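Predicted model only: the values in this text are computed from it and were never measured. For this chain, numbers begin at 1 and follow the sequence in order.
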Amino acid sequence: MKKFKKLWSNDFFRNYILLITMFMLTETIFRIISGLSIISYASLRIFIILNILSCSFSFILSFMPKVISKVFNLIIVFVACFYSLVELGFKNFLGVYASVQSSTQAGAVTSYILDFIKSFKWSYYLMLLPFLILLIYYLLFAKKLEINLPKKKINLKTIGFKISQLLTIIILLLVFYGTLRLDFMQNKLQATSTYDLFLKPNNPSLLVTDFGIIGFGLLDIREAIAPGADLNHDIDYNPDDIDTNYVEETRLHTLIDNEVWKNIIAEEKDSNLNTLNKYFISKDIASTNEYTGLFEGKNVIFLMIESGSQIMLKNEYYPNIARLYEHGWSFDNYYSPRNTCSTGNNEMSGMTSLYTIYNNCTANVYKKNTYFEGIFNLFNNKGYETSSYHNNYDEYYARTIIHKNIGSSRFYDIYDLDIDITKKYGEWASDEELITKYLEILDSRDTSKPFMNWITTVSSHQPYADNSPYNKQYRELFPDDYPTDIKGYMSKLKIVDNAIGLLLDGLEERGLLEDTVIVMFADHYPYGLSKTKLSEAYGYSVTDDNNSDNVPFVIYNPTLEQKTFNEYTAHVDTLPTFANLFNLDYDSRLYMGSDVFAQDYESLVIFDDASWKNEYAFYEASKNKIKYYTEKVYTSEEILAINEQVRLKLEMSSLAIRYDYFNYLSNILNKTKDTQNEVDNLNQDSNSALTE
């Protein structure tokens with residue numbers, strides 16, 4: 001016992017044992033609650049990371065008085081435990097891990113702090129157990145186990161100990177590097193390599209799996225302070241393989257002349273911009289199909305519903321939504337992938353056909369980006385009058401700037417619409433009033449032009465459990481055995497349904513309904529509700545396989561015959577699909593999504609963490625597992641091929657956004673066009689002079 005007490009009184013040894021034990025306990029509890037594997041090569045890597053941290057902190061604290069080291073240990077363990085607790089809450093409440101690179105996330109939670117805390121499962125509070133154990137140790141056992149040894153003088157022996165401690169840390173760092181590079185430490189099916197994740201930590205789900213929750217936090221902070229260099233990408237580009245002329249008569253137009261694009265690539269010095277040039281020019285050109293131009297010349301209204309879900313399809317409660325489905329084309333497997341700041345980011349994906357960056361509020365962070373190929377600009381070029389509407393102000397998303405830069409000729413917020421908003425907690429503006437104001441503005445439009453409008457609603461926003469007017473207004477319509485928050489949510493959806501009724505009736509009264517296409521879809525499922533409660537309301541489970549992200553999508557026109565499509569599709573497919581339906585002038589290569597009606601459409605939904613899903617399987621990237629729905633089984637090579645396709649789409653999209661690529665491309669194309677016009681004018685003048 002005396003030998004143990006003497007050893008335990010060594011500052012470095014004692015602090016190391018305490019920290020590594022508390023850190024490991026924190027990680028273990030987190031992985032058990034999260035359903036992540038405990039026994040794996042990733043766990044070995046995490047153990048090494050925690051050893052590096054524990055040794056580093058212990059080395060520093062060995063120079064400090066015991067009181068300071070105790071306080072520091074308590075603080076650092078509490079921070080690790082509390083951070084892990086909050087991350088579990090974020091994952092449960094919003095479907096994603098929080099990132100320091102996203103300030104809007106904090107606002108989204110602090111605005112609904114009570115609902116956020118209420119959403120915590122009791123097991124989440126086990127994350128505080130390591131801190132409590134350390135606190136109890138210091139209060140009850142430290143004095144009995146720690147003895148006061150005489151202060152050692154600095155001599156060769158103590159210097160040797162310090163050097164050996166530093167060498168230990170260096171060796172651990174080298175071993176950690178080995179875990180990033182050695183083949184046996186890698187998962188061959190993983191969408192992004194562990195080494196690439198370390199260099200560019202932009203996938204929180206994979207980071208938590210491969211580096212642990214504490215490692216994720218450290219890498220996230222590092223990336224926010226000193227962003228890692230962009231990864232190198234080998235794009236299979238051969239200029240001789242790029243057709244100068246269209247090979248098939250059925251090919252859609254390519255707005256960008258391939259010879260011009262090849263010259264841009266030849267002259268561009270920036271490797272990242274050239275990576276994007278090579279990636280986009282090498283993509284296949286879409287072909288026309290039986291749906292091309294079906295809605296050409298018609299008006300169109302995109303109606304994005306706040307927190308929409310399959311509950312909206314309960315016809316007995318929502319007759320106006322049912323009316324859309326009676327004469328509409330619906331998609332049973334339309335998904336709204338969870339990501340950071342889902343409303344703004346998914347809205348951006350629908351308007352640009354780009355995947356947003358997983359760990360930030362992309363729409364806000366890159367609000368100054370411009371998109372000549374965005375959905376508004378395509379309709380503008382076709383002679384449409386475009387505008388967009390939202391019954392809130394720029395509290396969470398800078399739509400006043402964002403929509404303009406995607407091409408909306410006019411964005412109307414809550415002030416422009418002169419809609420009253422109640423500032424008390426839990427209440428939002430009325431979608432019924434939104435549609436009423438929208439119809440008034442529609443009356444003043446230029447009737448010589450068709451119109452394209454984008455409307456984002458807000459009434460069905462969380463919270464759902466309080467006694468705000470909209471939560472209570474229609475509660476009595478729903479079954480008594482439904483939980484209060486489910487009934488509150490359904491009551492708010494009734495406001496949405498009423499608004500859709502006003503829209504349909506208003507268009508019909510104005511003689512516009514038959515000549516207008518309405519597209520209704522959701523920004524995301526209602527995050528404020530637990531998946532268990534949603535499953536009870538749906539009548540089927542949505543707790544697994546990202547099933548909760550499956551939301552309604554319908555294309556309506558009173559002249560359409562009802563159809564149901566089973567293809568797996570998402571927001572990124574919206575723009576190219578409607579560009580084809582309305583026969584707009586567009587270059588299909590510039591989009592990450594595809595026309596869902598194309599004969600060669602690949603039925604696949606890509607989630608922001610690099611997971612994917614189709615009719616055959618669900619691949620869960622964070623766990624590197626695949627679950628099959630049919631007898632079809634993918635080979636390892638096929639899974640790798642899909643994962644590579646997914647990785648490229650996500651990374652190229654991220655790179656394009658961060659480098660404002662489409663603004664760059666537009667500027668170069670315009671300069672090239674101006675130069676060509678000057679040459680043509682000179683040639684014309686020369687020919688005229690010769691003729692004279």
Salt bridge (charged side-chain N to carboxylate O under 4.0 Å, His left out): pairs with one or both residues in residues 317-330, sequence neighbours excluded: Arg323-Asp505, Arg323-Glu508
Selection residues 355-365 - residue pairs positive for salt bridge (charged side-chain N to carboxylate O under 4.0 Å, His left out), sequence neighbours left out: none
Within residues 545-572 or reaching into it, pairs that qualify as salt bridge (charged side-chain N to carboxylate O under 4.0 Å, His left out) - sequence neighbours excluded: Arg338-Asp549, Asp545-Lys627
For Tyr318, all residues meeting ring-ring contact (aromatic ring centres under 6.0 Å, His included), sequence neighbours excluded: none
Non-neighbouring partners of Thr370 that pass side chain to side chain donor-acceptor pair (under 3.5 Å), sequence neighbours left out: Asn663
Ring geometry between Tyr527 and His524 (parallel below 30°, tilted from 30 to 60°, perpendicular above 60°): parallel
Listed partners of Arg658 passing side chain to side chain contact (heavy atoms under 4.5 Å, CB included), at least two apart: Lys200, Asp230, Ile357, Tyr366, Ser654, Leu655
Residues forming a salt bridge (Lys or Arg N to Asp or Glu O under 4.0 Å) with Asp515, sequence neighbours excluded: Lys298
side-chain hydrogen bond (donor to acceptor under 3.5 Å, both in side chains) contacts touching residues 599-609 (sequence neighbours left out): Asp573-Tyr601, Glu602-Gln645, Ser603-Glu615, Asp609-Ser611
Listed once per pair and sorted, the salt bridge (charged side-chain N to carboxylate O under 4.0 Å, His left out) pairs that draw on residues 530-542, sequence neighbours left out: Asp485-Lys533
Under the side chain to side chain donor-acceptor pair (under 3.5 Å) test, residues paired with Tyr358 that sit two or more places apart: Ser205
Side chain to side chain donor-acceptor pair (under 3.5 Å) partners of Thr456, counting only residues at least two apart: Glu347, Trp454
Side chain to side chain donor-acceptor pair (under 3.5 Å) partners for Tyr634, two or more places apart: Asn614
